[in-house]
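Structure first, then comments.
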Amino acid sequence: IRIDPAGGEPSEVYRTGESYGGTVARDPVAVAWDAATARLLVLDAGRSLFAVPDEPGGTPVPLALRDAAEMRSVAAIAVYLGNLYLLDPVAGEVWRYLPAASGFDSERSGTLGGQDLDGATALAVDGDIFVLDGETLRRFSQGRELAPMLAGLDQPPQSAVALVEDVLRGLFYLADRGNRRVVVGDRSGAFLRQYRHADFTDLRGMAVAPDGQQVYVLSGNGIDAFPVQARTAASPTPT
């Protein structure tokens, strides 16, 4: 569903069972925003990749994704500088595709060299690679693992369900369903603050506005938005 925070009616942009460009869409398993081309990438359960243009009424377009069926698993995808990254916990890898032809018809390359990623569920990339693995936010630089992130957090996450990076400001937002909170850390690895609210039940997803001033939280009750605050701890008022 496409929703404009400024208002207007929500619109459907992708549906399982529909045919787009001759490819039947299956259940979506991972999405990522491709800023370089202003499009939403959707990977479905059949390992088909679709691009949804950033315009009202835009129709998904199937993209090439070489040897996608050979990957052992896909838990999340991310895009950085036009390159596509796929988190494959079973193989212990994050695969990288360079853009080629109509999509990503290029040889994929491993970036981690094989790691224990059994609990990995979310991915962020900004040159380094950040993997949400159970209760730990792990960081890899040029294939080497660095110290865990969120140092100083009062209690570890329980059932963390989403990871979002504000690349311009070097901040990470983690949706912690078990503790009904949103945790914020910086790129150096330090924990900065956390947001709690009674409505933060059954957290499912999260996004940050391009200007970094607003956070959107998806729960079982709908979507809440609250402004980012600079103090150490905060009790936001969702709107």
Side-chain angles (χ1 to χ4, degrees), residues 23 26 28-54 60-134 136-149 160 162-168 170-174 185 187-189 205-208 210:
T23 301
R26 297 178 61 181
V29 298
V31 299
W33 177 250
D34 184 355
T37 55
R39 60 186 180 177
L40 180 71
L41 299 184
V42 180
L43 184 70
D44 75 3
R47 304 281 174 82
S48 294
L49 183 67
F50 298 89
V52 181
D54 184 28
V61 176
L63 300 179
L65 185 61
R66 183 181 294 188
D67 298 329
E70 296 181 1
M71 281 180 287
R72 298 173 65 184
S73 65
V74 178
I77 65 176
V79 181
Y80 178 65
L81 297 181
N83 300 324
L84 177 64
Y85 295 79
L86 295 91
L87 172 60
D88 183 349
V90 175
E93 260 303 359
V94 171
W95 303 106
R96 178 176 59 213
Y97 282 89
L98 304 182
S102 58
F104 300 92
D105 190 16
S106 59
E107 292 289 343
R108 70 177 186 271
S109 59
T111 60
L112 303 186
Q115 299 282 339
D116 181 359
L117 300 175
D118 284 347
T121 57
L123 173 69
V125 180
D126 65 2
D128 288 352
I129 293 174
F130 302 85
V131 176
L132 181 59
D133 188 0
T136 305
L137 179 55
R138 302 168 66 182
R139 178 179 184 175
F140 299 87
S141 180
Q142 299 182 343
R144 181 172 62 93
E145 184 164 12
L146 306 181
M149 307 287 286
L163 172 67
V164 176
E165 182 181 8
D166 180 352
V167 176
L168 294 180
L171 299 176
F172 290 88
Y173 293 79
L174 185 150
R187 202 176 184 280
S188 72
M206 185 172 50
V208 178

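Since the structure is predicted, the reported quantities are computational estimates derived from the model, not experimental observations.
With rounding to the nearest 0.5 Å, the separation of CH2 in W95 from CG in L87 is 12.0 Å. Within the model, atoms CG of L146 and CD1 of I129 stand 11.5 Å from one another, a figure rounded to the nearest 0.5 Å. The line from CG of L40 to CG of D54 is 9.0 Å long, rounded to the nearest 0.5 Å.
Taking the charged nitrogens against the carboxylate oxygens, R72 and D88 have no contact shorter than 4.0 Å, which rules out a salt bridge.
Side chain of T23 to backbone of P62: no donor-acceptor contact under 3.5 angstrom is found. Judged purely by atom type and a 3.5 angstrom limit, D105 has no side-chain atom pairing as donor or acceptor with the backbone of R66.
In this structure, the side chains of Y85 and L123 come closer than 4.5 Å at one or more pairs of heavy atoms. Under the 4.5 Å side-chain criterion, counting only non-hydrogen atoms from C-beta, L43 is in contact with L86. Inter-residue side-chain proximity for D116 and D118 is flagged as met; some heavy-atom pair is nearer than 4.5 Å. Residues V94 and Q115 have side chains not in contact (no heavy-atom distance under 4.5 Å, counting atoms from C-beta outward). Side-chain contact between L84 and L49 is present, with at least one heavy-atom pair separated by less than 4.5 Å. Annotation: side chain of V208 is not in contact with side chain of L171 (no heavy-atom distance under 4.5 Å).
Screening V131, L137, L174 for a side chain to side chain contact (heavy atoms under 4.5 Å, CB included) involving M149 leaves a single residue, L137. The side chain to side chain contact (heavy atoms under 4.5 Å, CB included) test with L41 singles out one residue from L65, V52, V31, L63, and that residue is L63.
In terms of the side chain to side chain contact (heavy atoms under 4.5 Å, CB included) criterion, L81 has no residue partners (sequence neighbours excluded). R108 pairs by the salt bridge (charged side-chain N to carboxylate O under 4.0 Å, His left out) definition with nothing, not counting sequence neighbours. V61 meets the side chain to side chain contact (heavy atoms under 4.5 Å, CB included) test with no other residue; sequence neighbours excluded. Residues meeting the side chain to side chain contact (heavy atoms under 4.5 Å, CB included) test with S102, sequence neighbours left out: A64. For S109, the side chain to side chain contact (heavy atoms under 4.5 Å, CB included) partners at least two apart in sequence or on another chain are R96. For E70, there are no salt bridge (charged side-chain N to carboxylate O under 4.0 Å, His left out) partners at least two apart in sequence or on another chain.
Between Y97 and F104, the ring planes are perpendicular. Angles over 60° get that label, and only those under 30° would be called parallel.
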Task: Intermediate values then yes/no, side chain to side chain contact (heavy atoms under 4.5 Å, CB included), L112 and L117 - done: CA-CA 10 Å; L112 303 186; L117 300 175; 4.0 Å; yes
- [ ] Show the numbers, then the answer: is there a side chain to side chain contact (heavy atoms under 4.5 Å, CB included) between R187 and D128?
- [x] CA-CA 10 Å; R187 202 176 184 280; D128 288 352; 3.4 Å; yes
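By the 6.0 Å contact criterion, CZ on R26 is open, its count of non-hydrogen atoms from other residues, nucleotides or ligands being 12 or less.
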